[in-house]
Amino acid sequence: MPKAAGDAKLLIQSLTKAYAATPTNLKIIDLYVVFAVATALVQVIYMGIVGSFPFNSFLSGVLSCIGTAVLGVCLRIQVNKDNKEFKDLPPERAFADFVLCNLVLHLVIMNFLG
């Protein structure tokens, strides 16, 4: 068991060192994604404690958070300079795609609310 704990500690140190070299704009996007997922988890916990009487509202809130997180991950992939697939895509275009897709997502969510 101590060997596994030492390996886990070494892994965490390695990930921390690698993440320190990440550009600031990617860290901001990561924080946005973590916030969206955390908000979805809070909604699920609240539903578990209080109940889900307006179930459409619960589904709309959770799907909105998860959809926004997925779109944030897509934005992070497109903006990352190390990613070779999107090297010709300017960051402004990636952000415009993110905003447009968020607009469509939230229009669908608002329609789902009723």
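Under the 4.5 Å side-chain heavy-atom criterion for grouping Ile, Leu, Val, Met, Phe, Trp and Tyr, Ile45 is connected to Val50 within one hydrophobic cluster. No continuous path of hydrophobic side-chain contacts links Leu41 to Ile49 [ILVMFWY only; heavy atoms under 4.5 Å]. There is no path of hydrophobic side-chain contacts, each under 4.5 Å, that joins Phe98 to Val104. In the hydrophobic cluster analysis, where Ile, Leu, Val, Met, Phe, Trp and Tyr join through side-chain heavy atoms closer than 4.5 angstrom, Ile66 is grouped together with Phe58.
Every residue meeting the side-chain hydrogen bond (donor to acceptor under 3.5 Å, both in side chains) condition with Ser64, not counting sequence neighbours, appears here in chain and number order: His106. In this structure Asp88 satisfies the salt bridge (charged side-chain N to carboxylate O under 4.0 Å, His left out) test with no other residue, sequence neighbours excluded.
If you run side chain to side chain contact (heavy atoms under 4.5 Å, CB included) between Ile28 and each of Thr24, Leu26, Asp30, only Thr24 comes through.
Two rings, from Tyr32 and Phe35, have their centers 6.0 Å or more apart.
Other residues, nucleotides and ligands place no more than 12 heavy atoms under 6.0 Å from the CZ atom of Phe95. More than 12 heavy atoms of other residues, nucleotides or ligands shown are found within 6.0 angstrom of CD on Gln13.
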Take Leu31 and Lys27 through the side chain to side chain contact (heavy atoms under 4.5 Å, CB included) test and state the conclusion after the steps.
-> CA-CA 6 Å; Leu31 188 62; Lys27 288 181 181 179; over 6 Å; no
For Val79 and Phe86, what are the C-alpha separation, side-chain angles and deciding distance, and is it a side chain to side chain contact (heavy atoms under 4.5 Å, CB included)?
-> CA-CA 8 Å; Val79 172; Phe86 298 102; over 6 Å; no
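The CG atom of Leu105 sits 11.5 Å away from atom CG of Leu100, with the distance rounded to the nearest 0.5 Å. One finds the CD1 atom of Ile12 at 11.0 Å from the CG atom of Asp7 (value rounded to the nearest 0.5 Å). The OG atom of Ser57 lies 9.0 Å from the CZ atom of Phe112; values are rounded to the nearest 0.5 Å. Atom CG of Asp82 and atom CD1 of Ile77 lie 13.0 Å apart (nearest 0.5 Å). Going from atom CD1 of Ile29 over to atom OG1 of Thr22 covers 11.5 Å, rounded to the nearest 0.5 Å.
With a 4.5 Å cut-off on side-chain heavy atoms, Gln43 and Cys65 count as touching. Contact of the Leu75 side chain with the Leu71 side chain is not registered, since no non-hydrogen atoms from C-beta on lie closer than 4.5 Å. Side chains of Gln78 and Asp97 form a contact here, defined as non-hydrogen atoms less than 4.5 Å apart.
In terms of heavy-atom proximity, Ala94 sits nearest to Leu89 at CB-CD2, 4.1 Å. Nearest heavy-atom pair, Val62 versus Ala40, reported as atom, atom and distance to 0.1 Å: CG2-O, 4.3 Å.
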